[in-house]
Amino acid sequence: MALLEKLHRRVVDMGLVPRVIALLPVISTLCALFGFISIAILPMDGQYRRTYISENALMPSQAYSYFRETEWNILRGYRSQIEKTVNMTSTERNNIMGSWLQEFGTKTAIYENDQYGETLYGVMHAPRGDGTEAMVLAIPWFNSEKEFNVGGASLGISLARFFSRWPVWSKNIIVVFSENPHAALRSWVEAYHTSLDLTGGSIEAAVVLDYSSAEDFFEYVEVSYDGLNGELPNLDLVNVAISIIEHEGMKVSLHGLPYDQLGNNDFFSRFKILCLGIRDWALSGVKNPHGNEAFSGWRIQSVTLKAHGHGGHDITTFGRIPEAMFRSINNLLEKFHQSFFFYLLLAPRQFVSISSYLPSAVALSVAFAVSSLNAFINNDYASISLFSKYNLIAVLVWFISMVVSFVISQLFLSVLPAGLLMTISLAVCFLPIALSGKVHISEPLSYRLKNVAFLYFSLVSTSLLMINFAMALLIGTLAFPMTFIKTISIKASAESETSLGSNISIKTEPNDEMQLNEHYKEGISEKNQQRQQLKNLSLLILTNPFISITVFGLLFDDEFQGFDIINKLVSAWIDLKCWSWFVLCIGWLPCWLLILASSFESKSVVIKSKEKQS
Amino acid sequence: MIGSLAYCILGTLLVGAVAQDTTVPQIGVDDSLWYPYDETLLLKPLPNNDLLLSFTFQLQSEPFDPAVSSHSFDAYEYYTTFPRAIPPLLDSTATRQFHLRFTRGFWDALSWGQLPHGGKQAGASGVELWSLVQAADQEQAFQNWKKLANSLSGLFCSSLNFVDKSRTTFPRRSYASASASPLFNDTENLYLMRASLPNEPICTENLTPFIKLLPTRGHSGLTSLLDGHKLFDSLWNSISLDITTVCTENGDSLCHYEMEAHVDMATHVPSALARNERPIPKPLDGNSLRCDMDKPFDSYQCFPLPDPSETHLKLSQLFSKPIKNGNLFANRPTKICADVDRSTWTAHLSVDDTIYSTHDNCFELSNDQNESGSGYDFILESSDTTQVSPVDPVPIHVGRSLTGNGQDRGGIRTAFHNDNDTPVKLIYFESLPWFVRVYLSSLQITSTTSSHLHEDDIITDKYYLQAADRQRPAHLEFTMLIPAHSDIVMTYQFDKALLQFAEYPPDANHGFEIDAAVITVLSPESEEPVYETRTSTLLLSLSTPDFSMPYNVIILTSTIMGLIFGMLYNLMVKRIVTVDEADKIMLNSGLKYKLLKLKEKLLKTKQTKID
């Protein structure tokens with residue numbers, strides 16, 4: 001204790017406290033910078049680890065895979081028939097597929113959903129094991145690009161037939177043919193856990209197949225694994241998939257990396273996958289879902305396998321991936337629990353775990369907390385009572401902005417178009433300039449609004465970063481420019497000007513920082529003020545949650561056009577129960593509204609000595 | 001001489017013929033010394049090329065007088081064919097009857113119809129045990145039951161020793177026995193207790209002691225077929241053992257034990273036969289592919305045909321060995337029957353390349369080994385396997401599944417589907433582990449077929465015994481009436497309790513199993529049980545802590561306690577002064593001051609020396 005005491009006295013003696021307070025904005029920026037740097041160094045040698053199979057029971061590729069030779073003939077036989085069903089209605093197509101499945105003893109049922117169409121599924125009961133667990137092989141009839149998944153469907157039926165001959169299964173196998181990989185598949189998974197009569201026990205893992213070409217050969221496999229709301233499948237399942245794919249001699253692509261970049265493994269290639277990974281993780285469910293997202297939320301580990309390109313490997317090689325994966329999963333005596341649930345892949349066989357990447361998001365939320373502190377103490381009004389009207393009004397405004405945000409989130413969820421939202425967002429940004437000289441708020445209120453805004457944002461991002469790291473990092477980064485918005489103070493009116501002098505004279509300990517402020521206030525010219533207002537305007541536009549996310553989508557993801565992303569955020573909630581929309585509306589928007597309010601012109605206020613005593 | 005070797009006889013009339021034709025003298029065997037033992041095998045082809053094989057074994061013990069204690073000096077115990085292990089066990093635990101079931105697999109009621117023996121011999125997945133124990137009170141009954149379960153656990157190499165209070169229920173109407181059990185002491189009562197272990201894997205370990213209980217012990221007769229590799233390589237299999245006490249009513253107060261054992265299995269014939277040729281189901285040769293010629297077909301593509309509908313099946317192919325001999329000492333010969341559709345199926349018994357047939361497809365095996373010692377074989381042939389003898393449709397289809405997600409709560413959904421023309425009355429029995437905290441208030445009855453229905457019309461009688469933590473499971477027993485042609489869905493919600501640290505299984509597990517629900521269908525007139533069926537078991541995932549967490553907690557709390565202690569200690573032993581005071585004191589007593597003093601002292605001595 002004595003040591004700390006001494007240190008504290010030393011700090012007081014040197015006058016570090018006011019200096020640090022004066023430097024708070026810089027510290028906040030440094031925190032954010034630290035966050036970005038700490039994530040940018042992850043792809044450097046020594047920062048990441050090689051993946052490994054943590055659960056010894058899995059043993060991927062230890063058993064020889066037999067989906068080959070004449071199974072190919074059978075697959076072609078089925079494919080020639082499936083090709084004829086492209087233009088049929090889903091009922092006709094499902095009936096044909098259902099009759100084929102029944103031929104080898106699969107129990108089939110059709111789940112009907114008025115909104116999302118029919119889903120055919122079949123349960124193959126395990127000859128070994130107690131039938132309480134299941135593995136799912138899901139095949140959407142049309143993949144995420146709306147192409148007919150002819151290869152996937154023929155693989156699905158021929159694999160199911162192949163599996164039915166094997167006596168080794170200790171978990172039931174469920175084959176699912178849904179109309180599409182998003183809402184239709186999701187509604188089936190939901191129904192499986194609420195209302196279906198034919199069930200096969202709790203689903204442990206799911207593999208979604210996407211092979212949309214009718215060709216026999218393909219080039220490489222893309223593995224998609226991002227779940228909804230920040231959930232990822234257990235790293236063991238992803239590792240099993242990757243290890244099997246590489247064992248069969250194919251190359252693995254992550255996050256849509258093209259074929260010519262698959263061999264690279266240097267800092268920049270790893271950095272690219274890292275950034276793409278964070279983007280896809282944050283926007284998972286908003287982007288076109290691959291199918292594995294549908295299983296998120298019921299402790300089901302799932303991946304999507306997608307075949308790309310022409311030539312190279314034959315379609316049975318692709319079929320051997322789910323075969324070997326099912327053999328591995330079948331070995332499991334426990335749930336998937338051994339390996340990581342939170343990780344970032346840098347290359348198919350390299351990853352960083354949560355302890356390595358989490359500090360960056362923590363640093364970002366600390367940056368907001370420091371900004372909040374800055375708005376609280378780094379001005380003339382640090383000493384006003386905690387229960388002064390400014391604080392209470394700020395909290396009230398926060399409450400109102402929460403209500404407004406909630407109303408906005410609900411309104412645009414169902415009724416209003418995205419274009420309107422963007423127009424309003426943009427228009428609102430101009431309010432401080434348009435109303436300059438007409439509407440004023442008091443200066444302490446402006447600071448208190450900022451204080452509450454950043455504190456709220458920091459809390460949101462802190463609570464988000466454990467469960468949805470990518471989202472926390474994304475909104476933290478996009479919203480960070482908000483901290484640069486400065487309070488515009490105009491010269492106080494005549495009567496308050498006179499009292500300003502007395503105000504300053506009251507101050508007992510005028511320190512450097514206050515003198516600086518004083519100087520700044522006195523020296524501020526009309527021109528400077530206008531420049532600051534323009535700067536505030538551009539920062540406000542940039543950090544509006546809707547504008548910001550749209551710009552981000554347009555710049556960094558070629559899937560989105562125009563205001564697409566807003567509609568997709570909304571439909572992600574409606575179809576898939578992905579909360580990204582609410583994170584933006586209820587996490588980010590209230591903070592932005594408070595900052596908007598704080599950027600109105602403000603008048604300085606005399607602080608009475610009575611208030612100061614607290 | 002064939003007549004003396006094997007007989008394919010019909011009815012008891014020809015049994016006499018066996019005795020007459022037998023020329024080999026049977027030394028020392030007197031007709032009166034034939035033992036009460038009966039074994040039969042029934043083969044029943046099912047749709048989809050499946051085959052049901054039902055083995056039945058029946059035994060009787062020597063009569064005994066329950067009034068004479070086994071400890072009295074003139075008492076003696078005489079076991080003939082009855083297993084030596086059972087009577088002392090029944091005696092010491094005052095058990096009047098017990099029923100043991102080992103079942104595994106999925107019974108496809110939709111295509112196979114009713115379970116064999118009206119479902120009364122098939123348990124839920126895993127091990128199931130129920131017994132009728134005579135005791136003065138429930139506590140004593142439980143002690144006896146516990147002892148019985150422990151002994152059976154040793155006898156059958158199963159985990160029945162895990163049966164404890166938290167797994168035992170006292171069924172009220174379910175599990176009613178067809179035969180009345182005697183009460184040896186009028187001051188005591190009979191208690192029916194039941195427990196099941198749903199996650200118990202059934203394997204050869206359980207089968208071997210089971211076969212050893214039978215007098216032929218796998219050496220002759222039907223038990224020679226029973227092989228773990230074949231029995232457990234089936235779609236569904238069930239081993240059951242029932243022991244009952246039967247007393248004669250004619251005044252001499254003699255009782256005897258009856259034992260009934262069943263082994264039932266359903267197997268897919270084409271895969272079982274293919275397994276003999278190719279142990280690993282590798283892809284077929286291009287030449288042996290069976291393709292649909294109506295669809296595009298060449299050396300690259302082939303639309304597969306379903307399994308062939310002709311079959312030629314030998315029992316020795318299914319079990320990799322023939323039946324060795326008859327049962328050798330029973331009062332009735334070993335019997336094999338086939339329940340087939342006569343228009344397309346034929347059944348034969350083959351002995352030494354000679355084939356026999358009867359017109360009711362039942363065969364009795366003589367005790368004399370055939371000349372070459374090759375044993376008996378049974379042949380089933382069919383030109384169209386899709387034609388089978390009609391299966392009895394099940395009175396009701398019941399499916400049960402878990403609903404909801406999350407670690408803290410869930411729900412159970414049971415769907416009843418009655419497609420008969422008459423309503424079905426049934427007893428729904430469910431035993432839920434104590435960590436499933438059921439909200440009976442959330443019980444809902446819905447129907448997709450009829451819109452307005454009242455819960456009380458469906459559930460006519462409700463019995464519910466709440467679970468007590470670690471003491472007893474929740475016990476639901478509903479009498480229900482499912483209307484004709486209707487789908488009724490019963491749902492209820494529950495909370496998942498947290499377990500104590502030591503109650504978790506050693507490693508992270510795949511979940512906690514919930515017992516199957518037992519559905520007893522009652523006959524509409526007499527309310528007697530006519531059919532029994534069980535749902536599948538369920539897998540419940542409880543929130544499992546990270547078991548390294550306790551150490552983190554210990555480290556953190558220790559650190560905090562250390563800090564608090566340090567502060568308190570400082571407060572208690574140190575004087576509190578202001579900073580100015582402290583500075584003054586430091587000036588006169590600090591380390592610096594002492595050094596200064598020392599320096600001064602040294603200098604002073606130096607000075608004096610100089611002086």
Side-chain angles (χ1 to χ4, degrees), chain A residues 1-2 5 9 64 66-81 100 102-105 107 123 125-133 158 161-162 164-167 170 172 190 192-202 204 216 297-299 316 332-335 337-338, chain B residues 48 50 104-106 108 110-111 125-126 198-199 201 232-235 268 271 274-275 280-286 289 291-292 295-297 299-304 306-307 399 401-405 413 415 417 487 489 507-511 513 536-541 544 566-567 570 579:
Chain A
M1 288 294 131
E5 218 166 80
R9 284 182 67 182
Y64 190 74
Y66 286 100
F67 190 73
R68 54 180 84 222
E69 298 163 23
T70 51
E71 299 297 330
W72 197 356
N73 297 25
I74 293 172
L75 189 146
R76 287 197 193 98
Y78 278 124
R79 191 175 57 202
S80 67
Q81 298 305 304
W100 293 345
Q102 280 162 8
E103 263 171 21
F104 43 82
K107 300 278 138 211
V123 180
H125 288 273
R128 306 277 157 95
D130 52 9
T132 55
E133 290 167 291
S158 49
R161 188 176 186 278
F162 174 75
S164 74
R165 289 214 312 268
W166 283 82
S170 65
N172 297 335
E190 189 148 1
Y192 187 89
H193 294 93
T194 46
S195 64
L196 291 185
D197 285 346
L198 174 69
T199 55
S202 49
E204 294 297 305
D216 270 335
W298 283 276
R299 281 189 80 173
T316 58
L332 268 187
L333 293 174
E334 304 163 4
K335 279 191 171 305
H337 72 104
Q338 275 275 354
Chain B
N48 302 336
D50 297 323
R104 199 77 183 180
F106 170 73
D108 183 1
L110 219 55
S111 48
S125 178
N199 53 355
F232 298 116
D233 188 17
S234 56
L235 299 173
H268 185 58
S271 5
R275 189 73 80 81
I280 300 171
K282 289 178 192 173
L284 290 166
D285 284 343
L289 279 180
C291 304
D292 192 340
K295 299 196 166 105
F297 157 67
S299 55
Y300 290 103
Q301 57 178 325
C302 165
F303 188 90
D307 288 329
S401 57
L402 283 173
T403 59
N405 59 350
R413 175 182 191 276
H417 174 65
D487 283 311
V489 175
D507 202 348
N509 41 76
H510 68 158
E513 309 252 355
S536 59
T537 55
L538 300 173
L539 194 64
L540 183 76
S541 65
T544 308
M567 277 194 276
N570 267 342
V579 176

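Convention: sequence-line order gives letters A, B, ...; per-chain numbering from 1.
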Reported [atom1]-to-[atom2] distance for the pair [X] and [Y], which is rounded to 0.5 angstrom:
X       : Y       : atom1 : atom2 : result
H337(A) : S541(B) : NE2   : OG    : 13.0 Å
I74(A)  : Q301(B) : CD1   : CD    : 12.0 Å
E133(A) : H510(B) : CD    : NE2   : 5.0 Å
K335(A) : L539(B) : NZ    : CG    : 6.0 Å

Taking side chain as everything from C-beta outward and backbone as N, CA, C, O, which of these in [X] sits under 4.5 Å from a heavy atom of chain B? Side chain, backbone, both or neither.
X       : value
L196(A) : backbone
R161(A) : side chain
T194(A) : backbone

Please report the closest heavy-atom contact between [X] and [Y], naming both atoms and the distance.
X       : Y       : value
Y300(B) : R76(A)  : O-NH1, 2.7 Å
D197(A) : R413(B) : OD1-NH1, 2.8 Å
Y66(A)  : P283(B) : O-CG, 3.1 Å
T199(A) : S401(B) : OG1-CB, 3.5 Å
K282(B) : R165(A) : O-NH2, 3.4 Å
R104(B) : D130(A) : NH2-N, 3.3 Å

Which bit of [X] is near chain A, if near means a heavy-atom gap under 4.5 Å: side chain, backbone, both or neither?
X       : answer
L289(B) : side chain
S125(B) : side chain
F297(B) : neither
P306(B) : both
D108(B) : side chain

Highest number of heavy-atom pairs under 4.5 Å with chain B: which of [options]?
options                   : result
G129(A), S158(A), G131(A) : G129(A)
S195(A), P127(A), S164(A) : S195(A)
E69(A), H125(A), H193(A)  : H125(A)

Among [options], which has the most heavy-atom pairs under 4.5 Å with chain A?
options                            : answer
A415(B), G404(B), P198(B)          : G404(B)
L235(B), L110(B), L284(B), L540(B) : L284(B)
L402(B), V489(B), D233(B)          : D233(B)
G511(B), G399(B), P296(B)          : P296(B)

Report the C-alpha separation of I280(B) and W166(A) in whole Å, then their side-chain angles, then the decisive distance to 0.1 Å, and conclude whether the side chain to side chain contact (heavy atoms under 4.5 Å, CB included) test is met. CA-CA 8 Å; I280(B) 300 171; W166(A) 283 82; 3.6 Å; yes
Side-chain contact test, heavy atoms from C-beta onward, threshold under 4.5 Å: evaluate it for R275(B) versus P167(A) and give yes or no.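 The answer is yes, as the side chains (C-beta and beyond) meet within the 4.5 Å cut-off.
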Contact between K107(A) and S111(B) at the side-chain level, heavy atoms closer than 4.5 Å - yes or no?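 Side-chain contact under 4.5 Å: yes.
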T132(A) side chain vs T537(B) backbone, donor-acceptor pair below 3.5 Å: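 No: the side chain of T132(A) does not pair with the backbone of T537(B).
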Any donor-acceptor pair under 3.5 Å linking the side chain of N48(B) with the backbone of G105(A)?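 Side chain of N48(B) to backbone of G105(A): no pair is present.
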Taking the inter-plane angle between the rings of F303(B) and Y78(A) on a 0 to 90° scale, is it parallel (under 30°), tilted (30 to 60°) or perpendicular (over 60°)?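 Perpendicular.
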